[in-house]
Amino acid sequence: MQILREEHVDTQALAGRRIAILGYGSQGHAHALNLRDSGCDVRVGLRPRSARWDEALSAGLRVMAPADAAAEASLVMMLVPDTEARTVYEQFVRETLTPGKALYFAHGFNVHFEFITPPNDVDVALVAPKSPGHRLRELFVEGAGVPGLIAVHQNATGRARSDALAYAHALGCTRAGVIETSFAEETETDLFGEQAVLCGGVTALVQAGFETLVDAGYQPEMAYFECLHELKLIVDLMYQGGLTYMRHSISDTAEYGDYTAGPRLVTEETRNTMRVILKEIQSGDFARAWMAEQASGGKQFEAHRNGASSLRIEHVGRELREMMPFLKARARA
Ligand code: NDP
Ligand code: MG
């Protein structure tokens with residue numbers, strides 16, 4: 001795998017290009033500001049009633065309706081939520097995509113699963129910084145950068161790849177390093193990671209551990225500390241130095257129990273389920289089910305949300321976090 005850095009960038013690739021950033025949320029504000037500070041010609045497309053309109057204006061950006069921004073630009077970056085992208089594309093962007101223009105995304109979901117099918121005479125690329133938008137902006141201002149991914153879905157002009165790399169460079173990503181991927185790989189690994197490990201896997205494991213201790217008669221507060229609160233300490237070590245560094249930092253007793261218990265929990269059956277989940281992602285079944293759920297009003301999603309937030313671990317956690325105001329927990333309203 002090649003890591004792309006500053007020396008691989010055609011720094012003139014975006015010279016004179018009019019860039020529209022649609023959306024001014026987590027990613028949108030960071031892209032707009034970093035690109036502007038890198039000398040790019042940026043305009044932000046927002047709904048006229050957007051609460052973020054004034055924020056973008058006072059940051060010194062040009063702000064206009066999404067359709068105007070897209071029409072004016074030759075490169076349009078879609079930074080609205082993935083569940084809204086298709087509507088935004090159909091309402092404001094599709095008609096403006098004349099031959100030779102470029103349509104960019106920060107996640108491959110809508111293009112890979114064909115919820116958005118751009119005309120074949122435009123470039124379609126992905127530039128995905130590997131961090132939340134606020135971190136992307138913060139590090140850029142400090143003179144550093146977050147790693148990024150680029151991918152090309154359609155190369156109508158012949159310069160899609162070098163333009164995407166130049167865009168990642170303007171975001172500050174080449175200061176860390178940029179990796180080339182495909183829309184399929186970015187989308188499928190992203191969905192799998194969040195379902196099997198980061199979100200679905202971890203929350204289910206935490207909840208099951210908590211309930212096992214409580215059902216065995218231990219105090220819920222103790223179970224909360226051991227199964228949820230301390231997770232961050234372990235994850236921070238893994239983040240800094242991988243699994244070996246984490247195991248080096250914990251006690252030998254913890255490390256021995258890690259080796260003997262872990263494989264009994266994540267068994268061949270669990271791995272088979274992971275493969276089933278991956279198949280559902282690859283086939284598009286997950287994506288279609290999720291979009292259908294949204295289209296039909298999101299009732300099941302809401303029911304999941306309500307069920308999950310009323311679990312005992314959540315009540316116990318809310319009380320315990322009162323003791324720890326330094327956590328600055330932001331509870332959902
Ligand atoms: P946000 O939820 O933060 O984006 C919200 C913005 O989208 C707001 O400005 C909002 O406008 C606008 N918007 C929402 N709906 C519409 C609509 N129907 N019409 C016009 N504008 C609309 O999104 P993110 O920044 O989280 O995500 C953007 C993209 O970046 C996604 O593809 C995501 O997968 C990707 N990404 C996100 C990362 C992250 O850390 N968040 C990391 C890497 C990639 P208004 O102000 O009017 O509400
Ligand atoms: Mg991800």
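Numbering of ligands and ligand atoms starts at 1, following listing order. Only heavy atoms go into these numbers, but all of them, side chains included; no hydrogens, no water, no symmetry mates. Bear in mind that the values here come from a model prediction, so they are computed numbers and not experimental data.
- Under 4.0 Å is where a charged nitrogen must lie from a carboxylate oxygen, and between E138 and R135 at least one such pair does.
- Of the candidates D236, V235, D258, M246 forms a side-chain contact (heavy atoms from CB on, under 4.5 Å) with just one, namely D258.
- Heavy-atom proximity to P132, at under 4.0 Å, picks out these atoms of ligand 1: 40 (O).
- Ranking protein heavy atoms by distance to atom 18 (N) of ligand 1, first place goes to E84 OE1, 2.9 Å.
- Listed by number with element, the atoms of ligand 1 under 4.0 Å from a non-hydrogen atom of G25 are 3 (O), 4 (O), 5 (C), 6 (C), 9 (O).
- Close approach to Y24 involves these atoms of ligand 1, each under 4.0 Å from a residue heavy atom: 6 (C), 8 (C), 9 (O).
- With E72 as the partner, the salt bridge (Lys or Arg N to Asp or Glu O under 4.0 Å) test is satisfied by one option alone out of R17, K101, R62: R62.
- The shortest heavy-atom contact between L136 and L171 is CD1-O, 3.8 Å.
- Distance from atom 14 (C) of ligand 1 to its nearest protein heavy atom, with residue and atom name: P81 CD, 3.3 Å.
- In the vicinity of S50, heavy-atom distances shorter than 4.0 Å reach the ligand 1 atoms 45 (P), 46 (O), 47 (O).
- Minimum interatomic distance between P129 and H31 (heavy atoms only, all atoms of both residues): CG-NE2, 3.8 Å.
- The ligand atoms of ligand 1 that sit less than 4.0 angstrom from a heavy atom of V88 are 17 (C), 18 (N), 19 (N), 20 (C).
- Considering only non-hydrogen protein atoms, atom 27 (O) of ligand 1 sits nearest to V80 O, 4.3 Å.
- Distances below 4.0 Å separate heavy atoms of A106 from the following atoms of ligand 1: 30 (O), 35 (C), 44 (C).
- Scanning all protein heavy atoms for the shortest distance to atom 11 (O) of ligand 1 gives R47 NH2, 3.7 Å.
- Here L46 has side-chain heavy atoms under 4.0 Å from ligand 1, and that is the only part of it that gets that close.
- At under 3.5 Å, a nitrogen or oxygen of Q27, whether backbone or side chain, sits near a nitrogen or oxygen of ligand 1.
- Close contacts of ligand 1 with H107, meaning ligand atoms under 4.0 Å from a residue heavy atom, involve 32 (O), 34 (O).
- Between Y24 and W53, the gap from one ring centroid to the other reaches at least 6.0 Å.
- Using a 4.0 angstrom heavy-atom cutoff, A128 does not count as in contact with ligand 1.
- For the residue pair H112 and E186, no side-chain donor N or O sits within less than 3.5 Å of a side-chain acceptor on the partner.
- Residue L79 places a heavy atom under 4.0 Å from ligand 1.
- T267 and T270 share a donor-acceptor pair across their side chains, judged by distance under 3.5 Å alone.
- The closest protein non-hydrogen atom to atom 10 (C) of ligand 1 is R52 NH1, 3.9 Å.
- Put simply, part of S131 is less than 4.0 Å from ligand 1, judged by heavy atoms.
- The single protein non-hydrogen atom nearest to atom 41 (N) of ligand 1 is S26 OG, 3.4 Å, given as residue, atom name and distance.
- Between Y89 and F115, the ring center distance fails the sub-6.0 Å criterion.
- Nearest protein heavy-atom contact of atom 32 (O) of ligand 1 is D82 OD1, 2.6 Å.
- Classification of R275 and E268 as a salt-bridged pair holds, one side-chain N sitting under 4.0 Å from a carboxylate O.
- For an aromatic pair to be called close, the ring centres must be under 6.0 Å apart, and H169 with H8 fails this.
- Ion pairing between R318 and E322 fails under the 4.0 Å rule for side-chain N and carboxylate O.
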